[in-house]
Every structure is written in structure tokens, then in C-alpha cells.
Amino acid sequence: MKWTSYPLARIGIFFIGGILMEPLLPDISTCTLLVICLLYFSLLFLAKKELNLPVIQSFLLLAFSFVFGLYVHEQKNQLIQNARLPDKYLKIQCIVEKDVVKKTKYKTIADVLYFHDERGDKINHKIRILLYFDIKDTIVQTYKKGDIIYVEGKINNIFNNTNPGAFDQQKFYKNKGILQQVFVKIGNHQFLGQNVNGYLTTNILNIRSFWNLAIQHYIKEPERRAIIKALLLGDQSEVENELFQSFSQTGAIHVLAVSGLHVGAVLYIFVLLFTSCKKRWIHIFFKPFLLTFFALSYVILTGASPSVIRSAIMFGMVIIGKEWFRNSNTINILFVSAIWMLLYDPYYIYDLSFQFSYLSLLSIILLQPQIKLWYIPVGKGTTYIWELISVSISAQILVFPLSVYYFNQFPVYFILSNIVAVPMAIFLVYGGFFIPLMFQFALDIGHTYAFLYSEVTGILIYFIQKIQHLPGALIKNVCIDFYQVLIWYVAIIYLLIYGVTKKSIHFYVFMGLVFLGSLPFYTRDIHYIQQKGIFIYESKKGHIIDFVFGKTFLVLKHEGVSQQTEEFTASKNRLMHGAERLINIRDSLNYSSLFFKKEKQEINFCGLKIYVLAENRNVEIESSEVDYLLVGKGNKCKASFVLEYIKPDTIFLLSSVEKYKKESWQICAKENQIPLIDLTERGFYKIIAKEAWSN
């Protein structure tokens with residue numbers, strides 16, 4: 001395997017590198033890019049005519065690819081920023097892009113068609129926005145993808161909390177081209193009609209609706225119906241969180257997200273139709289276009305999710321490349337498809353499914369042939385099982401570092417789960433095509449067929465849940481940083497080089513990098529044992545405060561904070577700081593330990609005195625001098641009254657403090673010349689305790 005055999009892969013890597021680096025580098029204007037292009041072609045001409053050095057030409061081409069990646073990302077970013085809606089109360093007409101999701105509120109994404117300004121004029125505007133509806137607004141349940149609706153409400157920027165490691169909602173939606181959101185009140189929206197699609201799209205969507213109706217008719221068990229809809233239609237809305245976690249924690253979650261596995265299985269049926277045809281011109285002119293048509297139809301049928309679109313493009317380009325260019329390289333084709341997709345939308349690079357799908361496919365192409373040679377099976381059954389095992393192992397190698405980085409866990413039995421899940425998922429995909437046919441032409445026979453089909457789905461769920469509960473099935477709480485991810489990928493590259501060259505120096509470098517990538521686990525542990533301080537989290541529901549002493553975390557939280565809210569807010573930061581022991585302390589209870597003492601509202605922790613004023617009732621205030629006064633949700637004491645007795649060095653207004661109370665606290669703090677920190681503006685706060693604990 002020679003590096004020079006993959007010119008498009010090299011260009012793709014540098015182009016992707018430019019996209020990833022753009023947020024860290026200055027903006028590149030169009031004029032600057034034109035100057036760079038002119039300089040590039042001048043140097044390329046010089047290198048060719050005067051120096052005749054291929055290395056210089058290659059370097060210039062890769063440098064240009066990197067700069068062009070910077071430019072593409074910067075232009076996309078400017079386009080989104082310039083398309084913002086006015087920060088006002090607007091009346092908007094839009095198209096529902098995603099089916100409505102029900103959580104604490106109803107939520108969907110919509111494409112704006114136009115809005116009315118203050119004078120009532122209609123202004124055309126193309127932008128994606130996030131819509132939230134009240135959970136009691138049952139009319140919202142009737143909205144489907146493609147519906148044209150009217151909404152009105154205040155345009156807000158998508159906000160983000162500042163808790164370390166917490167879900168970055170602002171970044172997540174920005175990468176989808178969404179910067180703004182609207183909270184729509186009951187009665188401030190209505191259905192206007194359905195978007196007019198093309199003839200092909202309309203008919204395929206009708207097939208999807210009919211297929212969904214057939215599944216609803218035949219499959220009565222909610223769990224099984226949810227899995228079948230996810231496999232066949234790409235609809236995961238009915239999959240309960242517990243069942244979703246079962247597939248996720250066993251490494252089989254990819255079978256529920258319609259992607260390369262499903263597209264490949266469907267296209268394989270149509271590829272077989274051409275195997276008996278010996279005429280070359282049919283393979284050149286008809287096969288690529290027909291398979292592309294079938295792929296496009298399947299994309300629309302399954303909801304046109306980004307993962308399906310990507311898979312269809314990848315398979316389409318591989319088919320065309322293999323038929324039109326017999327000597328084409330699969331890795332080059334793979335990178336060409338990635339370049340085309342990123343030219344269309346460079347923000348795809350931040351999509352996890354984009355990263356995982358390309359890395360897993362690249363990993364299979366590079367590593368599966370080598371892993372397959374580890375064992376030579378005898379018999380068709382053994383060969384098929386070993387094929388699945390070798391594919392599962394190879395697919396995980398390049399995905400493993402990113403998977404651990406994002407999810408902080410690793411499924412130990414991923415090979416076993418994939419041996420079960422992959423063939424059964426393919427069988428269910430093939431078998432699922434008969435459900436609408438039975439519903440249309442053989443309703444009675446369809447009940448028997450659907451019963452057997454449902455039982456196979458039940459067996460899949462049973463095996464996945466059994467694997468989930470095997471001893472040591474999941475390695476949890478593995479925290480790695482971005483630099484470790486880079487080190488591990490460089491280590492994998494050296495392992496690949498060693499596999500090709502068999503030179504021991506590359507293996508030694510690989511082992512050294514593995515050691516270097518693992519070293520932070522041990523150095524962090526020493527830091528965790530020595531740490532002591534206070535974490536004050538940003539939470540609108542009520543205060544959540546961690547008192548940290550080594551790996552022990554004493555948790556003080558408001559009684560209105562649920563377990564789910566606490567985990568969402570604080571779990572990632574606790575993982576990042578090696579929390580092994582969590583002790584929950586209620587506001588109303590006293591508590592004492594070797595390093596912590598709580599009496600009523602006053603806390604002594606590692607030499608710091610803290611007063612927490614956040615009860616849902618009136619409290620007795622006693623005179624005290626403290627380092628910090630923490631004012632939270634629900635307290636009924638006036639600021640002026642509290643500060644007559646409590647003399648803090650600093651006041652913290654927690655994120656949950658009611659807005660109408662903040663002004664009085666700010667005025668009183670200013671009058672008493674006490675520094676005040678508003679955590680609604682400041683966000684997450686960390687106090688380092690340097691003194692040793694003493695009673």
C-alpha cells in the first residue's frame with residue numbers, strides 16, 4: 001500500500017483539515033483566496049517548468065486544499081450569520097422539516113419561507129429555525145414533515161449552559177445551520193397546507209405512509225413495532241429510552257439508524273439483477289443510473305436523514321467509479337464522496353454519524369483484509385461468522401477513540417452483539433418489504449406472516465438485552481481529552497504502517513504512543529486525590545452544588561431538582577474530575593464529616609464559610625461573617641434584611657434566582673460594597689479551596 005496511490009485521499013485529508021481548523025484561524029476573504037490561488041498556480045508553473053519537482057507540486061496542491069477548506073467553512077459560517085431573523089416578535093410562514101418530537105415540550109425544525117415585518121409587509125427569507133410548542137398543545141401532534149404552518153412568537157438566539165462537558169446545544173444546532181428558536185404559545189400557530197413535492201417524491205412519501213399504516217395494523221407490541229419502524233422507515237420516535245440504551249450499550253445502535261448497512265442491503269438486491277447480464281454497455285450506461293435511482297428512492301422512503309443521504313452518495317460513487325473507472329481505488333472514491341458532501345455543507349464534518357460512518361467504512365477497507373487472514377475457517381457457516389467478526393473488529397478500530405471521547409464508554413461484547421444484530425437486521429429489512437404487499441393483496445395471510453416477522457424482531461430484542469446484562473458488558477466512565485484522541489489515531493497509523501512494512505521501529509513507535517496516550521489516566525488520578533473545591537452549576541430548576549474533597553463529592557441540591565436534571569447538569573463534570581463517591585445532602589438536614597460541616601444554612605468546608613439561602617420557606621437568620629453567600633431559588637427573605645445579619649465577602653446569585661429578586665440584591669450589594677456575581681450571566685463557577693480542613 002503506497003501513499004502515492006491515494007492522491008484524492010491526500011487532498012481530502014487536507015481539505016477536511018482546513019474545515020476543522022477554520023474556527024481557530026482568522027477569516028479568509030474572497031480576495032485573499034484569489035491571491036492565494038494566483039500564487040499557487042504561479043508556483044506550480046515554476047515548479048513544473050523550472051524545477052520539475054513533483055514533491056513541490058504535491059505540497060502546493062495539498063496546501064491549496066487546506067486553504068480551500070478554510071474558505072469553504074468560513075463562507076458557510078458567514079452565510080448562516082447573515083441569514084438571521086430580526087430579534088423581534090414575528091409572524092412567520094414555514095415548512096416543517098422534521099416530524100414533531102415530544103419531550104418536555106413539543107419540538108421540531110422548520111424552514112422559513114417568509115415573515116411579516118412591523119408594517120405588515122411580506123419578506124422572503126430562507127433560514128432554518130427551531131420551534132418549541134407547549135406540551136399541552138395537542139394540535140402540534142398532527143404536524144408532519146412537509147406541512148406548511150403559520151407561527152408567531154419572539155425570535156430568540158439558541159442559548160447554552162456553561163456547565164463543563166454538558167451538552168452544547170448552541171454548537172449542536174449551529175452545525176445544522178440553526179442559530180435561532182421560537183417558543184410558540186397555544187393558539188399562535190395553525191396548519192396552512194402541505195408542501196407541493198415533485199411527482200417522484202410525492203409517490204414515495206405515499207408509499208412510506210402506506211407502509212407505516214401496514215406496520216401499525218399488523219404489529220401490536222409497542223417495543224417490536226418501534227424497532228421495525230426504526231429499521232424500515234428510519235423512524236426512531238417510538239423507541240423508548242431504555243430499549244435505545246440496550247442497543248447503544250451493546251454496540252448495536254447502528255442497526256437502528258438507517259445508514260450504510262441498510263442502503264447496502266437494499267442495493268445488493270438490485271445489484272444481483274445485473275449479475276447475469278454480460279453486456280458491457282448495460283453495466284456502463286444503465287446500471288449506475290438505475291442503482292442511483294433506487295438509492296434515491298430509498299433515501300426519500302426512509303425520511304431522507306443525513307446518514308442515509310451520505311450512505312447513498314457513498315455507494316452511488318463507488319458503483320459509478322467501479323463501472324466507469326475499472327482501476328479506481330475505493331479509498332479515493334470514499335474521499336471524493338466526502339469532499340462533495342462537505343462542499344455542499346461543510347458543517348457535516350461535525351455530525352457524529354458522518355464521522356462514524358466514514359471512519360468505520362475506511363477502517364473496514366484498510367483493516368478487514370488483514371484481520372480476515374488471522375484465521376482460515378472451514379465450511380460456509382464458519383466462514384460467514386468469521387466474516388462478520390472480522391468486519392466488526394475492523395469497523396471499531398478507527399471509531400474506537402472518537403466513540404470513547406464522545407460517550408465515555410465502550411461496549412465489551414460488540415462482536416457478539418453484531419454477530420446477532422447485523423444478520424437479523426438485514427433479514428428484517430428484506431422481510432419488511434413484504435409487509436405492505438401483504439396489507440394490500442393478502443390481508444389474511446399477512447397476519448400469519450406478520451406474526452412470524454414480529455417474533456424474529458422479539459428474538460433480536462431478547463438477545464440484545466441479554467448481552468447488555470452480561471457481566472462487564474460495558475466499560476463506563478472512561479474520560480479522555482482531545483489530545484489523547486489525536487495520540488491514539490497517530491498510534492493506529494503507525495500500527496497500519498507496521499502491518500505493511502513489518503519494520504520493528506514502527507511497532508516501537510506505536511507502543512510508545514499507546515503508553516503516552518494512556519499516561520494521563522495515571523497523572524489525572526493523582527490530581528483527583530489532591531483536589532478540593534466547590535462547583536456551582538448553572539441550573540434554572542434550582543441550585544446544584546458539589547463540595548469536592550478528593551474523589552468524594554458532597555452534593556447539595558434544591559428539593560425541586562430531579563435526578564434526571566442533576567445527571568444532565570453535573571454528570572459529565574463529575575466524570576471529568578474522577579468522582580467515585582457521591583453523597584447527597586438535603587437542604588433541610590445538618591451533616592458533618594471529616595472535611596465538611598453543615599448546620600442549618602451555614603457550611604464549613606476546607607477553611608471556607610458558606611451561607612446558602614435557598615429554602616422554599618422563611619428561615620431564621622443568625623449573625624455571621626462568611627466567605628460566600630449563595631442566594632438561590634425560593635427564599636423569601638429580603639436582601640436588605642439578610643445583609644444586616646450576614647456579612648459575606650462575596651455574593652453569588654445562582655441561576656435559579658427569580659428575576660424580580662435580582663435587582664434588589666444588586667442594589668443592596670452595591671450599597672454595602674460587596675462584590676456580587678450573577679451566575680445567570682457568569683454561568684458555572686469553580687471555587688478552589690486551598691486550606692486544609694479543620695473543625
Side-chain angles (χ1 to χ4, degrees), residues 98-99 101-105 107 163 165-169 172 219 221-259 261-262 303 305 307 351-353 355-357 360 392 395-396 399-422 424-425 428 454 456-480 562-576 579 582:
K98 301 284 186 183
D99 288 338
V101 177
K102 180 182 179 182
K103 291 187 177 179
T104 55
K105 297 180 185 295
K107 180 178 73 171
N163 298 318
F167 174 64
D168 194 335
Q169 181 175 243
F172 175 80
I219 313 297
E221 297 86 348
E223 251 191 1
R224 298 179 184 183
R225 184 172 63 240
I227 295 298
I228 290 168
K229 282 189 176 184
L231 282 168
L232 300 179
L233 302 176
D235 179 7
Q236 298 183 14
S237 60
E238 295 184 20
V239 181
E240 296 292 338
N241 185 59
E242 185 177 343
L243 183 58
F244 188 87
Q245 289 298 322
S246 297
F247 279 83
S248 176
Q249 293 178 4
T250 55
I253 191 62
H254 61 94
V255 303
L256 294 187
V258 177
S259 56
L261 172 69
H262 307 72
S305 66
S307 60
D351 193 299
L352 296 192
S353 62
Q355 297 173 12
F356 288 157
S357 60
S360 61
S392 297
Q396 287 289 334
V399 173
F400 168 74
L402 269 189
S403 178
V404 175
Y405 176 70
Y406 285 126
F407 305 116
N408 308 116
Q409 62 183 29
F410 184 75
V412 175
Y413 302 120
F414 69 90
I415 297 176
L416 179 60
S417 64
N418 278 277
I419 290 175
V420 175
V422 170
M424 291 190 74
L428 290 171
S454 175
V456 174
T457 309
I459 293 171
L460 171 62
I461 296 172
Y462 173 81
F463 271 107
I464 291 298
Q465 291 178 335
K466 281 295 182 182
I467 294 171
Q468 180 192 16
H469 293 101
L470 288 175
L474 186 69
I475 300 175
K476 295 183 177 180
N477 300 332
V478 183
C479 186
I480 65 173
S562 65
Q563 183 67 25
Q564 184 179 5
T565 300
E566 181 188 348
E567 290 179 359
F568 179 81
T569 303
S571 60
K572 190 63 179 282
N573 183 61
R574 290 168 181 169
L575 173 63
M576 291 163 59
L582 296 178

Count the heavy atoms of every other residue, nucleotide or ligand shown that sit under 6.0 Å from [atom1] of [X], and state whether that count exceeds 12.
| X | atom1 | result |
| --- | --- | --- |
| Phe463 | CZ | no |
| Glu240 | CD | no |
| Gln564 | CD | no |
| Tyr406 | OH | yes |

[atom2] on [Y] to [atom1] on [X], rounded to 0.5 Å:
| X | Y | atom1 | atom2 | answer |
| --- | --- | --- | --- | --- |
| Phe172 | Leu352 | CZ | CG | 8.0 Å |
| Ser562 | Glu567 | OG | CD | 9.0 Å |
| Thr457 | Glu223 | OG1 | CD | 11.0 Å |
| Leu575 | Lys476 | CG | NZ | 12.0 Å |
| Ile227 | Ile464 | CD1 | CD1 | 9.0 Å |
| Ile467 | Leu474 | CD1 | CG | 13.0 Å |

Any donor and acceptor pair, going by atom type alone, linking the side chain of [X] with main-chain N or O of [Y] inside 3.5 Å?
| X | Y | value |
| --- | --- | --- |
| Ser417 | Thr250 | yes |
| Ser403 | Val399 | no |
| Ser248 | Phe244 | no |
| Arg225 | Ile219 | yes |

Sorted by chain and number, sequence neighbours left out, ring-ring contact (aromatic ring centres under 6.0 Å, His included) with Phe414 holds for Phe410

Indicate the atoms forming the closest heavy-atom contact of [X] with [Y], along with that distance.
| X | Y | result |
| --- | --- | --- |
| Gln468 | Ser246 | OE1-OG, 2.8 Å |
| Gln249 | Pro411 | O-CB, 3.4 Å |
| Leu231 | Ala425 | CD2-CB, 4.0 Å |
| Leu460 | Met424 | N-CE, 3.6 Å |
| Gly165 | Met576 | CA-SD, 4.0 Å |

Please test Asn573 against Asn163 for side chain to side chain contact (heavy atoms under 4.5 Å, CB included), starting from the C-alpha separation and ending with a verdict. CA-CA 7 Å; Asn573 183 61; Asn163 298 318; over 6 Å; no

Between Leu470 and Lys466, is the side chain to side chain contact (heavy atoms under 4.5 Å, CB included) condition met? List the steps. CA-CA 7 Å; Leu470 288 175; Lys466 281 295 182 182; over 6 Å; no

In the structure I gave you, are the side-chain heavy atoms of Glu566 and Arg574 within less than 4.5 Å of one another anywhere? yes

Does Val412 reach the side chain of Ile475, with side-chain heavy atoms less than 4.5 Å apart? yes

Side chain to side chain contact (heavy atoms under 4.5 Å, CB included) for Ile415 and Gln396? Distances and angles first, verdict last. CA-CA 9 Å; Ile415 297 176; Gln396 287 289 334; over 6 Å; no

